[in-house]
Student: 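Input: one structure, supplied below.
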Amino acid sequence: MTTSADLLVDLVADVDGVFLFSPNGSTYEDFRELDGEQAVVVAPENDHDADRYVELPLEFDNVRDRIRFGVEGAMDHGYCVEGDVVACAVGVFDDPIDGVIRTPVTESMHSGIYDLFANSRADPNVVRDVFDVAIELGKKGQKGKPVGALFVVGDAGKVMNKSRPLSYNPFEKSHVHVGDPIVNVMLKEFSRLDGAFVISDSGKIVSAYRYLEPGAEGVDIPKGLGARHMAGGAITRDTNAIAIVLSESDGLVRAFKGGRLVLELDPEEY
Ligand SMILES: Nc1ncnc2c1ncn2[C@@H]1O[C@H](COP(=O)(O)OP(=O)(O)OP(=O)(O)O)[C@@H](O)[C@H]1O
Ligand SMILES: [Mn+2]
């Protein structure tokens with residue numbers, strides 16, 4: 001008689017690799033014992049000193065985003081190649097691993113989500129810190145009201161050349177960085193006002209209130225998004241910056257790189 005376990009085994013049959021997403025110590029140890037290729041660990045920290053490790057800068061609540069990130073990162077490290085089929089063990093509902101997803105490694109997995117963090121001009125921690133501010137701002141709004149914000153991260157000199165001030169720059173003489181708690185408060189406070197924040201590769205806040213004036217030619221952003229998103233998307237084509245945009249109207253956080261939308265997150269899920 002065929003049991004459901006027999007049938008479900010097909011899910012992991014003939015895979016070229018196993019990915020463990022944020023495994024606990026015992027899960028990792030269990031998989032270490034396997035012969036053949038080692039599992040790839042995808043997690044915020046390499047707690048178990050795995051040889052094959054991809055750093056997860058955000059705990060993507062969307063499992064597809066999490067898996068895309070891990071697979072893209074693994075391709076980048078040479079742990080898997082196009083044409084492979086991998087089994088991803090993930091926590092869908094909670095921390096411990098409770099699901100297995102079988103996925104082919106294809107070019108379409110290459111959404112640019114890993115590239116956004118790993119191959120941007122700005123430090124990956126800076127990118128993560130800006131996401132954190134945008135997500136928090138999206139969750140709480142400003143004094144309970146929804147608020148929008150535009151953060152342009154990296155390649156700040158060029159971004160400054162393609163923009164102009166809307167008002168005096170409160171960060172003119174300061175040397176403050178994203179990630180400092182006080183700065184996050186300031187960023188939230190200033191987000192009520194118009195324009196973009198410009199942030200350097202190392203996370204220094206270069207300016208607030210910048211009106212971006214990139215050429216919008218060749219920018220491919222979804223219809224229905226307005227001027228803030230268009231300007232944010234377009235500046236990433238004209239420069240090597242990335243843009244992280246919180247929408248006042250739909251509350252989503254979006255990231256652009258190379259003139260393209262690469263990531264969309266709902267702050268309510270973080
Ligand atoms: N070129 C620009 N540079 C910097 N900021 C801009 C630019 N264009 C618009 N903004 C900012 O975006 C705000 C919202 O504009 P708009 O509603 O057209 O954008 P949107 O993409 O629909 O964003 P939202 O989803 O937040 O409404 C403006 O009030 C302004 O502060
Ligand atoms: Mn709008």
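FYI, the numbering just counts along the sequence from 1. Both counts, for ligands and for their atoms, begin at 1 and track the order of listing.
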Student: Any salt bridge linking K188 with E136? Criterion: basic side-chain nitrogen under 4.0 Å from a carboxylate oxygen.
Tutor: yes

Student: When you measure from atom 30 (C) of ligand 1 to every protein heavy atom, which one gives the shortest distance, and what is it?
Tutor: D194 OD1, 3.6 Å

Student: Kindly assign one of parallel, tilted or perpendicular to the pair F151 and F197, based on the angle between their ring planes and the thresholds 30° and 60°.
Tutor: parallel

Student: To which protein heavy atom is atom 7 (C) of ligand 1 closest, and what is the distance rounded to 0.1 Å?
Tutor: Y211 CE1, 3.9 Å

Student: Which atoms from ligand 1 have a heavy atom of A231 less than 4.0 Å away?
Tutor: 1 (N), 2 (C)

Student: I want to check something: taking the side chain as every heavy atom from C-beta on, are K162 and L212 in contact at a cut-off of under 4.5 Å?
Tutor: no

Student: Taking 4.0 Å as the limit for heavy-atom contacts, which would you say applies to E213 with ligand 1: side chain only, backbone only, both, or neither?
Tutor: neither

Student: Taking side chain as C-beta onward, heavy atoms only, is M160 less than 4.5 Å from V198?
Tutor: yes

Student: Strictly by modelled atom types, are E59 and S22 linked by a side-chain donor-acceptor pair under 3.5 Å?
Tutor: yes

Student: Going by a strict under-4.0 Å cutoff (protein heavy atoms only), does atom 27 (O) of ligand 1 have a neighbour on the protein?
Tutor: yes

Student: Of the protein's non-hydrogen atoms, which lies at the shortest distance from atom 5 (N) of ligand 1, and what is that distance?
Tutor: G195 CA, 3.4 Å

Student: If you count the atoms of ligand 1 from 1 in the order shown, which ones are under 4.0 Å from a heavy atom of S247?
Tutor: 24 (P), 25 (O), 26 (O)

Student: If you measure every N/O of L212 against every N/O of ligand 1, is any gap under 3.5 Å?
Tutor: yes

Student: Atom 21 (O) of ligand 1: which protein heavy atom is closest, and how many Å away?
Tutor: H229 ND1, 2.6 Å

Student: Of the protein's non-hydrogen atoms, which lies at the shortest distance from atom 16 (P) of ligand 1, and what is that distance?
Tutor: A227 N, 3.8 Å

Student: Is M230 near ligand 1, meaning one of its heavy atoms is under 4.0 Å from it?
Tutor: no

Student: Look at K139 together with E268 and state whether they make a salt bridge at an N to O cut-off of under 4.0 Å.
Tutor: no

Student: Using heavy-atom distances, let me know which of E248, R228, R192, R164 sits nearest atom 9 (C) of ligand 1.
Tutor: R228

Student: For atom 4 (C) of ligand 1, what is the nearest protein heavy atom, given as residue, atom name and distance?
Tutor: R210 O, 3.4 Å

Student: Assess whether side-chain contact (heavy atoms from CB on, under 4.5 Å) is satisfied between V15 and V86, documenting all intermediate values.
Tutor: CA-CA 5 Å; V15 292; V86 298; 5.7 Å; no

Student: Any salt bridge linking D115 with K257? Criterion: basic side-chain nitrogen under 4.0 Å from a carboxylate oxygen.
Tutor: yes

Student: Short N/O distance, under 3.5 Å, between G226 and ligand 1?
Tutor: yes

Student: State whether a side-chain donor-acceptor pair under 3.5 Å links D30 with T27.
Tutor: no

